[in-house]
2 protein chains.
Amino acid sequence: MGEQLFITGDGGLRDLWREAFPSARGARPADKLDERETGLVWLLVPPGKAAARLVAPIRRRIGSRPLIILADEPGEEDALAALGAGASGYCNAHAASEVLLQVATVVENGGLWVGQRLLQRLLAGTARLAPPPVAEGGAWSVSLTEREREVAIAVAQGASNKEIARQLDITERTIKAHVGAILEKLGVRDRLQLSLIVNGIEVGR
Amino acid sequence: MGEQLFITGDGGLRDLWREAFPSARGARPADKLDERETGLVWLLVPPGKAAARLVAPIRRRIGSRPLIILADEPGEEDALAALGAGASGYCNAHAASEVLLQVATVVENGGLWVGQRLLQRLLAGTARLAPPPVAEGGAWSVSLTEREREVAIAVAQGASNKEIARQLDITERTIKAHVGAILEKLGVRDRLQLSLIVNGIEVGR
DNA sequence: CCGCCTACTGTACTGAAGTACAACCCGGAT
DNA sequence: ATCCGGGTTGTACTTCAGTACAGTAGGCGG
């Protein structure tokens with residue numbers, strides 16, 4: 001992993017960033033940059049600021065070094081604008097250190113860090129709502145054991161018995177047992193109806 | 001680096017690919033896939049073929065494994081369509097082995113391999129984002145015929161094929177035909193995943 | 001110690017879902 | 001006249017989901 005340079009308003013580094021990149025350095029937007037460095041450049045965009053506006057001036061000064069936007073308040077429009085302005089990645093400024101490492105890996109290898117959802121939206125010209133959460137702890141879960149809850153959620157997300165078995169590292173047979181018990185307790189016919197209940201979509205039966 | 005699976009017309013591997021991934025395996029499109037494998041899947045798209053058409057059927061069988069398109073005759077339109085259909089990367093089938101390794105690294109870390117030029121074009125062309133989500137007539141419905149839409153909605157509400165058949169007053173066999181066509185068009189595995197999409201839940205991938 | 005519950009697994013079966021291959025009808029476009 | 005796409009249906013097949021019946025094992029309260 002190359003050198004990481006973080007550009008923030010005051011040149012300070014956040015703990016999460018240090019955690020991901022112990023050797024990271026900080027700089028202020030106006031600071032002179034070392035021409036010889038080659039690593040990634042991260043740019044913090046404070047709340048209320050448009051990332052794209054900040055990108056252009058920085059880009060001119062860093063040359064070909066990849067630029068990644070760290071947004072305090074990420075937005076899809078903002079991300080688009082920033083990528084259009086030449087950024088190589090756009091992610092939440094509060095992202096976990098593992099995520100930052102991933103982003104760095106991707107960008108260092110010449111990739112772009114673009115969320116799948118964002119790309120889909122671009123391509124399709126149609127958008128989808130943020131994932132309506134799987135209602136954890138909804139009414140449906142009260143009669144289920146902990147293990148059954150796990151299975152129910154996996155089923156509701158579209159996983160097959162075999163996939164759930166791998167995920168929980170037990171046999172498919174046991175998953176069937178759990179699913180059977182869940183259907184019984186909730187009084188539904190099959191896994192699809194179970195998924196509707198877990199996802200909070202009450203449809204007449 | 002995880003296992004690499006190359007899907008080609010004849011299941012053969014090219015030298016360049018072997019060079020990049022000595023342990024790579026080849027398979028034909030119709031071959032059964034080992035459920036336990038988890039690495040990347042590469043799909044060779046021969047000249048004259050539309051990548052997007054080939055993506056959907058493969059995607060359904062590989063579940064959440066990232067899919068990368070290897071195009072013998074790359075085209076930007078084709079790339080867009082493929083990425084829209086759920087591919088995680090699109091590159092020249094004759095790319096050097098170092099490039100392939102980079103692509104693999106990027107995708108394995110959850111990135112998308114999109115050329116900078118391609119993204120620029122995307123942003124230039126579709127400058128505006130589609131309006132926020134929609135409850136009715138979502139993106140899923142655009143590629144479906146009227147009859148297929150009816151069936152998709154019924155499926156999404158938890159109806160069985162037999163019930164839908166009664167409801168539309170046609171045979172269960174025809175419902176199966178429609179459901180099959182819908183799954184194919186939307187690139188999903190089964191009716192539960194279809195219901196997630198229709199209900200705007202979009203979890204996997 | 002003894003039920004009782006939870007988790008887990010096995011064999012075997014039924015039925016639903018989905019696929020493969022094929023065919024027919026009809027209306028609109030070439 | 002011909003081609004094509006949508007809708008419809010058929011037979012036959014494979015795979016998956018779910019159920020029936022049965023059994024092992026650990027924890028916990030009476």
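Predicted model, so just to flag it, every value in this text is computed and none were measured.
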Are any protein N/O atoms closer than 3.5 Å to N/O atoms in nucleotides 18-25 of chain C? If there are, list each pair with its distance.
residue	atom	partner	partner atom	Å
C/dG18	OP1	B/R191	N	2.8
C/dG18	OP2	B/R191	NH1	2.7
C/dG18	N7	B/K176	NZ	3.0
C/dG18	O6	B/K176	NZ	3.0
C/dT19	OP1	B/R60	NH2	2.6
C/dA20	N6	B/R173	NH2	2.9
C/dC21	N4	B/R173	NH2	3.4

Report task. Could you tell me which residues satisfy salt bridge (charged side-chain N to carboxylate O under 4.0 Å, His left out) with B/E172, sequence neighbours excluded, listed by chain and number? Result -> none

**Report entry** Axis-to-axis angle between the two ends of the helix from C/dC1-D/dG30 to C/dT30-D/dA1 (five base pairs per end, rounded to 10 degrees)
**Finding:** 30°

Query - N/O (side chain, B/T174) to phosphate O (OP1/OP2, D/dG7) under 4.0 Å - result: no

Query raised in the report: Starting at CD of B/E172 and ending at P of D/dG10, how long is that distance when rounded to a whole Å?
Result: 11 Å

Report task. Tell me, please, which residues at least two apart from B/R14 pass salt bridge (charged side-chain N to carboxylate O under 4.0 Å, His left out). Result -> B/D72

Report summary line: Atom NZ of A/K185 and atom P of C/dC5 are separated, to the nearest Å, by 11 Å

Query - Distance, rounded to the nearest Å, where A/E150 contributes CD and C/dT6 contributes C1' - result: 13 Å

Query - B/T171 vs D/dT9: side-chain N/O to OP1/OP2 distance below 4.0 Å - result: yes

Query raised in the report: NA contact type, B/E163, heavy-atom cut-off 4.0 Å: base, sugar-phosphate, or nothing?
Result: nothing

**Report entry** Whole angstrom value for the distance that separates P of D/dA17 from CD of A/Q193
**Finding:** 16 Å

**Report entry** Residue list, side chain to side chain donor-acceptor pair (under 3.5 Å) with B/R173, at least two apart or on another chain
**Finding:** none

Report task. Using atom CD1 of B/I164 as one end and atom P of C/dA17 as the other, report the distance to the nearest whole Å. Result -> 8 Å

Query raised in the report: Quick one: is C/dC5 close enough that its OP1 or OP2 comes under 4.0 Å of any side-chain N or O from A/T145?
Result: no

Query raised in the report: Between C/dA17 atom P and B/I182 atom CD1, what is the distance in whole Å?
Result: 14 Å

Query raised in the report: Just how far, in rounded Å, is P of C/dC5 from CD of A/E146?
Result: 19 Å

Requested in this report: Decide if atom CG of A/D15 counts as having more than 12 heavy atoms of other residues, nucleotides or ligands within a radius under 6.0 Å.
Outcome: no

**Report entry** Given C/dA7, C/dA16, D/dG7, the nucleotide with the shortest approach to the side chain of B/H178
**Finding:** D/dG7

Query raised in the report: Can you name the nearest heavy-atom pair linking A/L16 to A/S97, along with the distance?
Result: O-CB, 3.8 Å

**Report entry** Note, A/I201 side chain near B/I201 side chain (heavy atom, < 4.5 Å)
**Finding:** yes

Query raised in the report: Rounded to whole angstrom units, what separation is found between the CG atom of A/L168 and the C1' atom of C/dT6?
Result: 15 Å

Query - Pairs satisfying ring pair (Phe, Tyr, Trp, His ring centres under 6.0 Å), at least one member in residues 39-68 of chain B, at least two apart - result: B/F6-B/W42, B/F21-B/W42

Requested in this report: Indicate yes or no: does B/R166 engage B/E163 in a salt bridge with an N to O separation below 4.0 Å.
Outcome: no

Query raised in the report: Less than 4.0 Å between a side-chain N and a carboxylate O, is that true for B/E146 and B/R149?
Result: yes

